[in-house]
Structures are given as C-alpha cells and as structure tokens.
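Notes follow the structure.
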Amino acid sequence: MKLDELLEKFLVNVDTDNPFQRRARLLQSMWRDVKGLPAGERRARVPLGSRLPLALAKAELANFLTANIRRAVRECVEAKAGGSGQLVDEDRLYANLLSSQPLCFNLFGELQADLALASHVCSGLWPERVKAVTAVRFEHSPGRGDLAFTGDRSAFDVFIEHTLPHGDGRGFIGIEVKYHENLKVAAAEQRPRYDEVARAMGCFVEEKLPALRVPPLEQIWRDHLLAGSMLATRDWSAGLYVFLYPEGNTHCARAVAAYRDCLTTSDTFETLTLEQVIGALAQHTNATWVSELRDRYLAWDKIDALLGDGRR
C-alpha cells in the first residue's frame with residue numbers, strides 16, 4: 001500500500017502536513033481505529049481520523065490513557081473554570097488526538113498521582129538535580145501577568161517541583177512539550193520586561209537576541225525567561241527549562257539547535273526527546289500505560305509494516 005492510500009484509508013490526508021506531521025497524524029488515527037472510536041470532523045464537516053467527536057470525547061475523556069490521567073485532566077479543567085487563568089483549550093484537549101496538550105497529561109499524569117515513581121524517573125533523568133519530586137503540575141505559571149516574572153501569560157506545560165540531592169532548598173523543572181508542532185506561529189507582543197530578564201540571566205549572545213524575538217525561537221525564549229525570572233526571586237535554589245519533542249520532528253530539532261547557538265551557557269536549558277522520557281518511564285515501571293504511550297505516539301514501525309513495498 002502507498003502512503004497516500006493509507007492516509008485516505010485512515011481519514012488523515014491533510015495537504016498542509018509536513019512529512020513528520022503526516023506520519024504522526026496517521027499514527028493517531030490508527031490508535032483511534034484500534035480503540036474502536038469514531039472519527040471526528042474538521043472544517044466543512046469533513047471526517048478527520050486524528051480527531052474525536054467533541055461531545056463523545058468530553059463525556060468519556062477517551063483521549064486519555066488511565067483513570068489517574070483522566071482525574072488530572074478534570075482537576076485542570078475545573079481549576080480553569082474556577083478562575084486559575086490556565087490556558088486550556090478544551091477542544092484540543094478533549095478531541096484532538098494529535099495535539100501536544102493531551103500528550104502532556106498522558107506522559108506525566110500518572111507521575112502526578114505517584115510521586116514515588118516520579119522521583120525515580122526524574123532522579124534518573126536529572127541525577128545532579130533531583131532527589132525527590134514533591135509535586136507535578138500542568139499548565140503552571142508562578143504568576144500570569146506578574147511583572148515579578150515575565151509580565152505575560154506564559155506557562156510551563158508541565159512543572160515539576162523537587163528537593164535537591166545536596167543541601168536544603170527546592171528546585172523546579174519547567175517543561176514545554178511538543179509532538180507534531182512545527183513552531184510556525186505568530187510572534188507574541190514583545191515586552192520590555194523580556195529584555196530586563198534576559199540581561200539579568202546573562203546567558204544570551206547579545207548579537208543573537210533579535211533571532212530570539214521571532215518564531216521559531218521566540219516561544220522557547222519566553223519560557224526560558226520565565227524560568228530565569230523565577231530563579232531571580234530567590235524562592236528557588238535551582239531551576240531548569242526543558243524543551244521536549246519527538247526525535248523525528250526535525251522542525252523542533254533545528255529550532256533547539258539554533259537556540260543553543262544563542263546561549264553562552266546552558267545551565268538552565270536542556271532538551272529531551274519523547275523517546276528518552278518514555279524509555280525512562282519503562283526503566284521504573286512495567287505498567288501497561290507506558291507501553292500504550294509508546295504504541296500510541298512512537299510506533300512508527302506499524303506504519304512501515306502497512307506500507308511494505310509501497311513505502312514512499
């Protein structure tokens with residue numbers, strides 16, 4: 001079978017997709033099909049296999065892998081309804097299988113419920129930083145619009161609070177999670193506070209600052225600034241901003257390589273691949289949700305097996 005035929009079969013032939021997005025969208029539709037879930041629709045009521053019908057998705061939370069993960073989703077949505085200011089797009093969260101927003105919960109929701117497991121996983125990933133995880137939060141900001149930080153509504157997709165291996169104090173790891181995204185987004189409003197925080201952090205190449213103010217680097221920069229502004233408050237003894245993405249997403253890989261070229265030191269910036277995180281989870285638990293994570297988001301071999309000699 002040829003790729004175009006496979007895309008048509010699973011209702012995911014989207015002209016604007018790049019090669020990685022095409023395969024990622026197909027993998028999500030294949031997961032949906034195995035689960036016996038109906039396809040949703042895109043504009044003009046055209047079926048789209050990488051979506052679920054919103055009413056069903058919202059009622060059943062079918063986009064999420066376990067009861068603990070579904071509970072974390074409910075708590076986040078309830079907090080937003082209660083005025084938390086969290087930027088949760090419910091359509092993306094519930095119905096969009098391809099979105100990185102449900103991926104955040106599927107990847108870290110069980111760790112929120114099991115801090116002992118979170119501690120094992122995170123101390124394995126960051127042995128010089130993490131002793132024990134004390135909290136896992138979603139769509140977290142220390143203060144939206146607060147000029148003590150970046151003065152905007154930036155937030156970390158996932159926020160991990162932890163104790164330190166050596167000495168007192170506490171640390172944090174703020175994580176931005178991407179899956180299919182190509183980082184081609186509209187630039188945000190530039191604020192004087194960004195330049196103030198950047199100067200105070202002292203880790204940016206001065207002549208490369210203009211590149212940081214525009215996509216694809218701008219979102220990475222603003223989240224990194226948020227981490228830097230938090231460290232400046234002295235409420236934290238250590239902090240790290242992590243950009244997490246699948247290895248095959250070349251748009252993200254090129255962006256983070258370019259971002260590193262704008263840094264004089266990377267003490268507060270790190271990248272991780274989705275493959276590394278799922279691998280770390282598998283080292284510390286044999287729970288079925290970990291194998292389902294890999295099957296849903298990284299099982300590219302299933303596509304190759306269907307393509308066979310028609311691969312292209």
Side-chain angles (χ1 to χ4, degrees), residues 6-17 21-113 136-140 144 153 155 157-158 177-182 185-186 246 274 287-299 302-303:
L6 199 56
L7 296 173
E8 291 290 345
K9 175 181 176 181
F10 284 96
L11 306 174
V12 288
N13 199 351
V14 177
D15 292 342
T16 55
D17 281 349
Q21 289 171 329
R22 192 172 295 123
R23 288 170 66 85
R25 191 183 299 278
L26 176 57
L27 195 58
Q28 294 308 301
S29 188
M30 291 168 64
W31 178 84
R32 175 195 55 74
D33 187 64
V34 168
K35 293 292 182 182
L37 295 166
E41 296 177 341
R42 51 179 156 169
R43 294 173 185 172
R45 303 183 66 83
V46 175
L48 184 62
S50 58
R51 281 187 59 85
L52 298 173
L54 180 57
L56 176 147
K58 191 170 183 177
E60 299 184 10
L61 296 186
N63 208 355
F64 306 100
L65 302 181
T66 71
N68 282 333
I69 295 168
R70 290 188 284 273
R71 181 167 57 249
V73 171
R74 290 190 193 97
E75 289 174 355
C76 190
V77 173
E78 288 169 3
K80 177 194 174 186
S84 68
Q86 290 166 297
L87 301 178
V88 178
D89 182 330
E90 294 189 18
D91 182 79
R92 288 177 60 216
L93 179 67
Y94 292 129
N96 190 335
L97 301 174
L98 191 62
S99 170
S100 58
Q101 196 163 90
L103 171 59
C104 292
F105 287 93
N106 283 326
L107 193 57
F108 291 97
E110 282 287 340
L111 298 191
Q112 185 187 65
V136 177
R137 308 184 193 281
F138 295 96
E139 185 54 34
H140 177 78
R144 289 173 172 81
R153 296 179 64 78
D157 290 336
V158 181
V177 178
K178 299 297 184 190
Y179 185 54
H180 77 289
E181 290 85 353
N182 59 19
V185 296
L274 182 57
T288 55
W289 64 269
V290 178
S291 57
E292 188 163 357
L293 261 175
R294 179 177 279 126
D295 181 71
R296 175 169 171 181
Y297 291 103
L298 296 176
K302 294 197 305 184
I303 295 175

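All residue numbers refer to positions in the sequence shown, counting from 1. Just so you know, these numbers come straight off a predicted model, no measurement behind them.
- Atom CZ of Arg23 sits about 10.0 Å away from atom CG of Leu7, to the nearest 0.5 Å.
- Looking at Asn63, its side chain does come within 3.5 Å of a backbone N or O of Leu93 through a donor-acceptor pair.
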Donor-acceptor pairs under 3.5 Å, side chain of residues 39-50 to any protein atom, not counting sequence neighbours: which ones?
{"from": "Ser50", "atom 1": "OG", "to": "Arg25", "atom 2": "NH1", "distance (Å)": "3.0"}

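- Listed by first then second residue, pairs satisfying salt bridge (Lys or Arg N to Asp or Glu O under 4.0 Å) with a partner in residues 59-69 number zero, not counting sequence neighbours.
- Under the rule for a side-chain contact (heavy atoms from CB on, under 4.5 Å), the partners of Ala299 that lie at least two apart in sequence or sit in another chain are Leu27, Asp295, Asp301, Lys302.
- Atom-to-atom distance recorded for Ser29:OG and Asn13:CG is 11.5 Å, nearest 0.5 angstrom.
- The side-chain hydrogen bond (donor to acceptor under 3.5 Å, both in side chains) test applied to Gln21 returns Asn18, not counting sequence neighbours.
- Using a 4.5 Å heavy-atom threshold, the side chains of Asp91 and Arg51 count as touching.
- Residues satisfying the side-chain hydrogen bond (donor to acceptor under 3.5 Å, both in side chains) criterion with Arg71, sequence neighbours excluded, are Asn68.
- Contact check for Met30 versus Ile303: side-chain heavy atoms found under the 4.5 Å cut-off.
- For Asp33, there are no salt bridge (charged side-chain N to carboxylate O under 4.0 Å, His left out) partners two or more places apart in sequence or in a different chain.
- The ring pair (Phe, Tyr, Trp, His ring centres under 6.0 Å) search around Phe138 returns Phe105, not counting sequence neighbours.
- The side chain to side chain donor-acceptor pair (under 3.5 Å) test with Ser100 singles out one residue from Glu181, His180, Lys178, and that residue is Glu181.
- Atom CG of Leu52 and atom CG of Leu61 lie 11.0 Å apart (nearest 0.5 Å).
- Shown here for Phe64 and Arg70, the closest heavy-atom pair between the two residues is O-NH1, 3.2 Å.
- Remark: Leu6 CG to Arg22 CZ distance equals 12.0 Å, nearest 0.5 Å.
- Remark: Leu103 CG to Leu293 CG distance equals 7.5 Å, nearest 0.5 Å.
- Between the side chains of Arg294 and Ser291, no donor-acceptor pair of N or O atoms lies under 3.5 Å.
- A search for salt bridge (charged side-chain N to carboxylate O under 4.0 Å, His left out) contacts involving Glu292 returns Lys35, not counting sequence neighbours.
- Partners of Phe10 under the ring pair (Phe, Tyr, Trp, His ring centres under 6.0 Å) rule, at least two apart in sequence or in another chain, do not exist in this structure.
- Legend: residues meeting side-chain contact (heavy atoms from CB on, under 4.5 Å) with Glu90, ordered by chain and number and at least two apart, are Lys58, Val77, Lys80, Tyr94.
- Arg137 meets the salt bridge (charged side-chain N to carboxylate O under 4.0 Å, His left out) test with Glu161; sequence neighbours excluded.
- Note that the CG atom of Leu37 and the CG atom of Leu97 stand 8.0 Å from one another [nearest 0.5 Å].
- Here salt bridge (Lys or Arg N to Asp or Glu O under 4.0 Å) pairs that include residues 96-105, with residues two or more places apart or in two chains, number zero.
- Although no hydrogens or angles enter the test, the distance criterion places no donor-acceptor pair under 3.5 Å between the side chain of Asn182 and the main chain of Asp17.
- The main-chain N or O of Tyr297 is found under 3.5 Å from a side-chain atom of Tyr179 such that the two form a donor-acceptor pair.
- Closest non-hydrogen pair, Pro53 versus Pro38, comes out as CD-O, 3.3 Å.
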